[in-house]
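Report on the structure given below.
As the structure is a prediction and not an experimental result, all values here were calculated from the model. Lettering of chains follows the sequences in order, A, B, ..., and the numbering in each one begins at 1.
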Amino acid sequence: MTSKKKINKKDIAKLLSEWSQEFTVFVPWRDEGVAKWAKWDGKDASFLDWYRNTIVPPKAIFLPPVEGMFSFQKGKEGYHIELPPSDRRKELIFGIRPCDAKALAILDMIFSDTYEDPYYLARRKNGVLVGLGCVNPYDSCFCTSLGSSPTDSTNVDLMLTDVGDELLVEVITDKGKELMTKTSLAQAATQADEARARGEREVAYNKVTRQLDTKDIEKKLLANFDNKDYWEKIAAKCISCGICTFLCPTCYCFDINDELIKNQGERFKSWDSCAFPLYTKMPMENPRAEKWRRLRQKVCHKYEFYPINFDVIACTGCGRCIRLCPVNWDITQTLDSLPTKEKVKLEK
Amino acid sequence: MLNYEPKFLVFCCNWCSYAGADLAGVSRLQMPPNFLVIRVMCSSRVRPEWIIKALMSGLDGVVVLGCHPGDCHYQTGNYYARRRMAITKKFLEYMGIESQRVQVSWVSASEGGKFAEVVTKVTKEMKEIGPNRLFTDERRGHGVKTT
Amino acid sequence: MQKIRVGVFICHCGSNIASVVNVPQVVEYSKGLPNVVYAQENLYTCSADGLRSIKDKIEEYNLNRVVVASCTPRTHEPLFRDTCEEAGLNKYLFEFVNIREQCSWVHMNIKEQATKKAKDLVKMGVVKASFLEPQEEVKVPVEPASLVIGGGIAGMTAALNLANQGFDVHLVEKEGALGGLVRRLYRLFPTNEDAEELIRPIIERVRNHKEIEIHMPAIVKDVSGYIGSFDVTVEEGNSERRFKVGTIVVATGAQELKPYHGYYGYGAMFNVLTQLELEERLRRGINHVENVVMITCVGARIPERSYCSVFCCVTAIKNAILLKENTPTAKIYVLYRELMAYGAEFENYYRKAMEVGVRFIRCGLERPPQIIGNGKAAGVKVYDELFGEEVKLPSDMVVLTTPLVPYLENEQISRMLKVPLSEDKFFLEAHVKLRPVEFSTEGIYVCGSARWPADIAECISQAYAASSKAAIPMRKGFATVEPITSFVNESICVGCGNCALVCPFNAIEVQSQNGKRVAKVTAVKCKGCGGCVAACPSGAMQQKGFTDQQVMGMIDALVGRGIFNAQLRT
Amino acid sequence: MKDEGMESKLRSEAKALLEQGKVDYIIGFEDGSLKFTTTPLMTSDKDDTSRLVINPFIVNNLSVFLTEVMGRVGIVAKGCDSRSIVSLVQDNKVAREDVVILGVPCLGIIDLGKVEELVGKGRDEIEDIIRDGDRVVIMASGNKREFPTREVLFDNCLSCELPTPQEYDILLGEPTSLADDRERAASQKKIDSLRDMTPEQRWEFWTSEFDRCIRCYACRNVCPACFCQQCFVEETEPQWLSPLPRWQDNLMFQVVRIIHVAGRCTDCGECERACPVNIPLRSLTRGMYDIVDVLFHYRAGMDKEAPPLLATYEATDAEDFIR
């Protein structure tokens, strides 16, 4: 016997209904062919049949594309500020992939570093992640090169592994444990189930064929930071759109705007991207006016600044930037083609 | 929607249509108060962005008035305006914005009567179609569906 | 940045505005608008008192933007701008709000809504004013030479006036002789002096004037440029002449309407003629004529030509008297609809005609006079409105009094000079009362019957007026171009050149600058249509006084957004 | 799967151009890092020309890069791309003499989205896609299925008016023929269904589509007609639109963008293809394309001597919309 449980796939809708009592449940959803996260509609669990990963990553739930921060009103005595209601609903993300779960762990570092972001952290604190291991990773996936795997359970509260008609359930955190107390649908898993799960994990692991050598990557980047020729060459085909950053599960940059109507206003936070020239535009000049500088920023942020400052690469190998890029700019190719020390030419 | 009181802009070129609007006043032609004139030097100055911004901001429509073809104070301005307005108007219609919301007409300095007529008719039409769909209050604080 | 301080002046215009718009309410409302530090009402803002109040308040409240809500900028803007300037404020920091022509006069019976609208208009004006920037006028030198189009009495008078002041004048006459319509007249009302006596010395003076160059027969083929330096091409016979002038006077006159064949028997009956034809006959000497019927307003004041040609009635009176003098026994009838004999002089002239026995019969448009006869007008049947009965008058001669009508060429000249025509196709001045002999286009003036049917005295006085106006910039030696010109934000210009293509004045050129193509505007050539701004795909082109920011500010103000932005700006 | 003839001609021509110093750069396609993809190749190195490819997956409109590179450029262009180049010449963004157009007579580009839908498999799960004239064979999970080629081509390819470039310096193959009427009708399906809607329905449709927009601006950035250095949407004085991704602003961004590219848009379909959230942008751009065609009989990128659409006029232009 094992302490692990399993749930029949047919019971998933029921399970989600049970959890919906307490949580706002998010599941993968197709909106005009675009896979994204949406509030569960209360019945449909067919995503289990088609879901590989979403186009819009689950970070959108915790760091929404647009978010009201507070409203303000000008009165006789200056400004009156009103914060949004703080009692957030508890959110349950069902089926998050290991790469995206890891990405949230990386975002946690940023939003709880020197400045604690109340908006993001409140949602994270109340949120529960139910992971679902990949059985069919994309050819653009490369999580295994980044210390993870398609079935990595490190960053979720509860981990599910596909074992045919059933999903094997592993409790990872206390939150996950508590979650399991709210359902009676789980049965005890057998040794055979576990063996099958191990097998599936291995198969999935081997399906990730894209490889990236990340050893000393931050040092290589540091050495090439001023290698203008190199960056210009790899940036040549970049069109400076926001796809790879907006849809990256670890990119978190945001812009702040005030909207003013009559004497009232509201402050909004919205996604921003270092791919846009406007991102760094200042009154007199723009330190990243050229696109190679912006692309360098993106790559170095993930593979150089993060390892140096947080000891982790801010990329989880989800492959979205490769899959969705209109010009097939490929970060793994870029990093693979980094010149070694001897060849580095410095920017003048 | 006949008791709906629309508010719309009328862009008038300085030389013909604004003078025409003045003449309507001098002639004491009575018309509904729902329009507000913005004077520009020539109808060719009107950017489609103005129209879109006005509609987005909650105004019910935009009327662009210029000199009759061949009468432009700057010779050819209204010809360019005509092209620009044609594609703007037709495209907004294609998007599903009522054709009445964007209107173009030629009003000369001596056509005070025509100015009054255009403004009166447009007011009536905008009352008929009711408030502008492009502007809704959900705009404020409205996020994307993912969340 | 200096804090923006707007002063708002709301005009009653006597009762023109105040009887409809609740002016005190609008004043109170204005005080609450962003950046407004002062607001007041005036009985007449354009009066000496009103103007003084603007100047005083600029000083007292340290205003740096002024908004006047009153009539139309088309007439009063220069006045208020000058007032600001006199108070030391850059005159382009003034914004005009029209609450009379486009508000009180057109919403007379809906006072509450008119007041609300006036508030909206003032709000828009205040926001626009907040976004205004001080502007410097561009000074352009003015060539001390003038082009006078038309060698009739008005054109010659204007030419002489200018030439006598020492300016070079190019006088262009399309016919082979100077003198215009007057050349064809016999005697002139109300003095009965000989037209020849009047016109001959004038023609002589023009011909002998060393400052006047006559182009005849010739037409103006092309005019380009702007006040101070118009490039003129004149076609004289087979050759073309090109020269530069600083100002242009349009004195192209008008022509007598020739009735179409059969209209009141004209052309179909040999003894039906027009007044001008009669004058020519009188000049040649006329035999005994016993029965004459004159009909006024032939082809005038009818639905298709509704205007009154003003002096034709007096012409008829004059010719009736002349015929009576020629044949004292003659029976002369003038059939009129209304008689235009204004002023004491013409009134006496009319009385004199009655005294010498000219008979006046009032008829109407519903039952117009009918000419009887076949090939010859033997008589005229007319319904006498005063007696209420039809009378039949015998006629040896029927004279049709037709109006002056514009020349067809007016259309071409209007396009060439970019000046407007009225609905009747006469030239349309900037304002009937306030700028009567000037066009809106700087440096171009109009006089005589080109503008409206005018008698000789009027032609002469208008010619003096127009030529005096034209002399002002030429005497000063410079003119100013209103700074509503376009300008380029070179940092975002992509050099596509669409602006240059749409510019009707060749004011824009795309030049290479540090390896990048950018548009350059020659401000003096720019007339401020703003077409290039809308044609610019990248927003690099803007127009002073009509920037996108100013216009958007007005729209934002209307919906209540710009209010805040304008506040933040301070 | 490749067009061997065209490909080898391209490689030798491109190499020669670089060797003879006729161009400083070659812009073409090479194999992408994913199955059935290509990626732009920009190089001044003649050895790189051996990597150039021509196949039914050369999706990008490479003319978008012309405004970025300095010097003379040899560029691989399909019919639609060549029209974009002509349009850029009309707007003085590119000097014709600085460009050597390596024209590709095009048989249409395969829309992988349509292929995925037809076989119910992801792109990376498909083993092979073989085009043979008007049939296409798709191998997936060991199954071989055959479809008419028209079912897998991009909509805009089905209504292509110029498959073979009209403006070129070197033509890499035999000219290809125009789409037949049936194909053209298929390409208009989405647009026709929009036209059949009431204005309310159309508006509903677009508002819901643009609710998905994330404002990544890929549509704008892949578009050769969007050549502005600073887009109006980035202007702050005045701010035309809010940068926040909400449907009104998203939609109006696109509306203004399309008005800006009216008469420049060649219906290359890149905006729709680049969109990561599947907004049917081509239904909008093609709508404008047709409006311009009907009103002014003007088709973008057909005549390099012609002035841009909105920088010219005819006295006899349509007046029917004027009241």
Before giving the answer on side chain to side chain contact (heavy atoms under 4.5 Å, CB included), spell out for D/Leu41 and A/Lys237 the whole-Å C-alpha distance, their side-chain angles and the decisive distance to 0.1 Å. CA-CA 7 Å; D/Leu41 170 66; A/Lys237 65 186 175 189; over 6 Å; no
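- What you find for A/Arg52 and D/Gly122 is that their closest heavy atoms are NH1-CA, 4.0 Å.
- Of the listed residues (A/Gln333, A/Arg210, A/Lys233), the one with the most heavy-atom contacts under 4.5 Å to chain D is A/Arg210.
- Minimum heavy-atom separation, A/Pro326 to D/Val222: CB-CG1, 4.0 Å.
- The distance from the OG atom of D/Ser208 to the CG atom of A/Asp31 is 7.5 Å, given to the nearest 0.5 Å.
- Judged by distance alone, the side chains of D/Ser33 and A/Asn328 do bring a donor and an acceptor atom under 3.5 Å apart.
- The most heavy-atom pairs under 4.5 Å with chain A, out of D/Thr37, D/Ile279, D/Val69, D/Leu34, come from D/Leu34.
- The choice from A/Trp271, A/Trp329, A/Phe276, A/Phe246 that makes the most heavy-atom pairs within less than 4.5 Å of chain D is A/Phe246.
- The shortest non-hydrogen separation linking D/Pro276 to A/Leu247 is CB-CD1, 3.7 Å.
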Quick one, D/Glu234 with A/Lys281, criterion side chain to side chain contact (heavy atoms under 4.5 Å, CB included). Give me CA distance, side-chain angles, the key distance, then yes/no. CA-CA 11 Å; D/Glu234 284 150 8; A/Lys281 195 180 170 195; over 6 Å; no
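- With hydrogens and angles disregarded, no donor-acceptor distance shorter than 3.5 Å links the side chain of A/Asp139 to the backbone of D/Asp124.
- Atom CD of D/Glu68 is separated from atom SG of A/Cys238 by 8.5 Å, given to the nearest 0.5 angstrom.
- The two residues D/Ala274 and A/Ile243 make their nearest non-hydrogen contact at O-CD1, 3.4 Å.
- Looking at heavy atoms from C-beta onward, D/Cys216 lies out of side-chain contact with A/Ser273 at the 4.5 angstrom threshold.
- For the pair D/Arg246 and A/Phe268, the cation-pi test (distance below 6.0 Å, angle within 45°) is passed.
- Between the side chain of D/Thr39 and the main chain of A/Val327, a donor-acceptor pair closer than 3.5 Å is present.
- D/Tyr217 OH to A/Ser240 OG: the interatomic distance, rounded to the nearest 0.5 Å, is 13.5 Å.
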